[in-house]
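So the structure is just underneath, and the comments pick up after that.
Just so you know, these numbers come straight off a predicted model, no measurement behind them.
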There are 2 protein chains.
Amino acid sequence: MQLNRQDVLDGAIAILDEYGLADLTMRRLATSLHVQPGALYWHFPNKQTLLGAIADHILSGADAPPTEDSWDTQIGQIAHRLRDALLSRRDGAELVAATYASRLTTNHIRERIAAVCIRAGLPRRDAELTADTLLYYILGQTVDEQARLHMDSVGALTPDASPLFESPDPTSRFEFGLQLFLDGVRHTAADRIRH
Amino acid sequence: MQLNRQDVLDGAIAILDEYGLADLTMRRLATSLHVQPGALYWHFPNKQTLLGAIADHILSGADAPPTEDSWDTQIGQIAHRLRDALLSRRDGAELVAATYASRLTTNHIRERIAAVCIRAGLPRRDAELTADTLLYYILGQTVDEQARLHMDSVGALTPDASPLFESPDPTSRFEFGLQLFLDGVRHTAADRIRH
DNA sequence: ACCTGAACACCGTTCAAGT
DNA sequence: ACCTGAACACCGTTCAAGT
């Protein structure tokens, strides 16, 4: 039974979900696929590339065209989609943050957000910087949120410090930062229209 | 010549500056201090703790009381101090991001920013969430900026994609996101005063 | 085309024993 | 109190050789 690229990718994602990013090693992956470690290097040149492919997979779908009708709800929609995508797999946010780094800002999601900002009245360059700013916020916030979740499940937190009972809850925290950001964009856009 | 905690810390920072985070290993550090790897574990319980101490060192000073007089310039001052601190050592932003994660939001810097927000008219809880939002942005932006710098020095980029000639330059990019954020805070604060 | 076997050059951490 | 010696249990990656 021969392996293909997709099998390796699926196996890697399965390990990620079951054991987390720290335990996603090439050797462990090889074992789970009943293959020698070296075999993986026929399908992926190195681990970094494999992680990149997982990151792409996690993010796929988050950059679909927005269906809302005003620019601010459109950005909100994309932002929530991205957060949901990052939270959809164990350590998803950490993996994307560690792997993508400066590539999130070379992503289709960035273009989508920038496009919405242009429609809101921002010049191209401002729109791109605005998209980057939002992406940094979402990634940071979500990495943090997911790290707390994990700490919680591992019991490293006192019960009343549990993020599950945290007030405000993670989604509200996310919404707060998102609205703060949108207010900033509104102001910048309004300025542009006035001048 | 006996080693103490500070010697280990200094040695680690020296390796960080010269060879970068990826090459900062316990074994390499031990060699540079002319000591066996196990010796380090008398001074630090594990690598994570050592990295945490380096992160604290990098961040020390960034949380001094602001000297500006309006709340927005105060936040700007703290934000720039944090960025400068992260950029002050090779891979500083990456190290802090990887090590601190959800601890940046348990930092004195967070309290400083929150305090300024409270003085600007925000309720305590909003002030904390606002501080977190800013911290996520600064960290993300600075990690990215530093990663590009490194890619550049390593020659992994085409000349015209060099961040050194990027327009706008990194500092202006940073300033853009910061102002976007401050506009958002202004709006939230104004809302609070009106109602 | 795809994989094995086996090696290379590393890691972080532990711990009895030494001084 | 502080360190050595030596081991344990791993890593990612390479590559001749096999099928």
Kindly check if the number of other-residue, nucleotide or ligand heavy atoms within 6.0 Å of CZ (A/Phe44) is above 12? yes
Note, A/His57 side chain near A/Arg89 side chain (heavy atom, < 4.5 Å): yes
Do B/Gln74 and B/Arg119 get their side chains close enough for a donor-acceptor pair, meaning under 3.5 Å? yes
Please determine, for C/dC10, whether a Watson-Crick or G-U wobble partner exists with both distances under 3.5 Å, and give it or none. none
Among A/Thr99, A/Leu21, A/Leu24, whose side chain to side chain contact (heavy atoms under 4.5 Å, CB included) with A/Ile54 holds? A/Leu24
Please tell me which of A/Val35 and B/Arg28 maps to the more 5' nucleotide of DNA chain C, matching each residue to the nucleotide holding its nearest heavy atom. A/Val35
Counterpart base for D/dG18, defined by Watson-Crick or G-U wobble contacts under 3.5 Å: C/dC2
Upstream residue (5' side of DNA chain D) when A/Gly38 and B/His34 are each assigned their closest nucleotide: B/His34
Walk along DNA chain D from 5' to 3' and tell me the first and last nucleotide with an atom closer than 4.0 Å to a non-hydrogen atom of chain B. D/dA1 to D/dA7
Describe, in one word, how the ring planes of B/Phe174 and B/His80 are oriented to each other, choosing from parallel (under 30°), tilted (30 to 60°) and perpendicular (over 60°). perpendicular
Rounding to an integer number of angstrom, what distance separates C/dA9 and D/dC10 when you compare their P atoms? 22 Å
ILVMFWY network linking B/Ile109 to B/Leu87, side-chain heavy atoms under 4.5 angstrom: no
Quick check: on DNA chain D, is the nucleotide nearest B/Arg27 upstream (toward 5') of the one nearest A/Pro45, or the reverse? Name the residue that is more 5'. B/Arg27
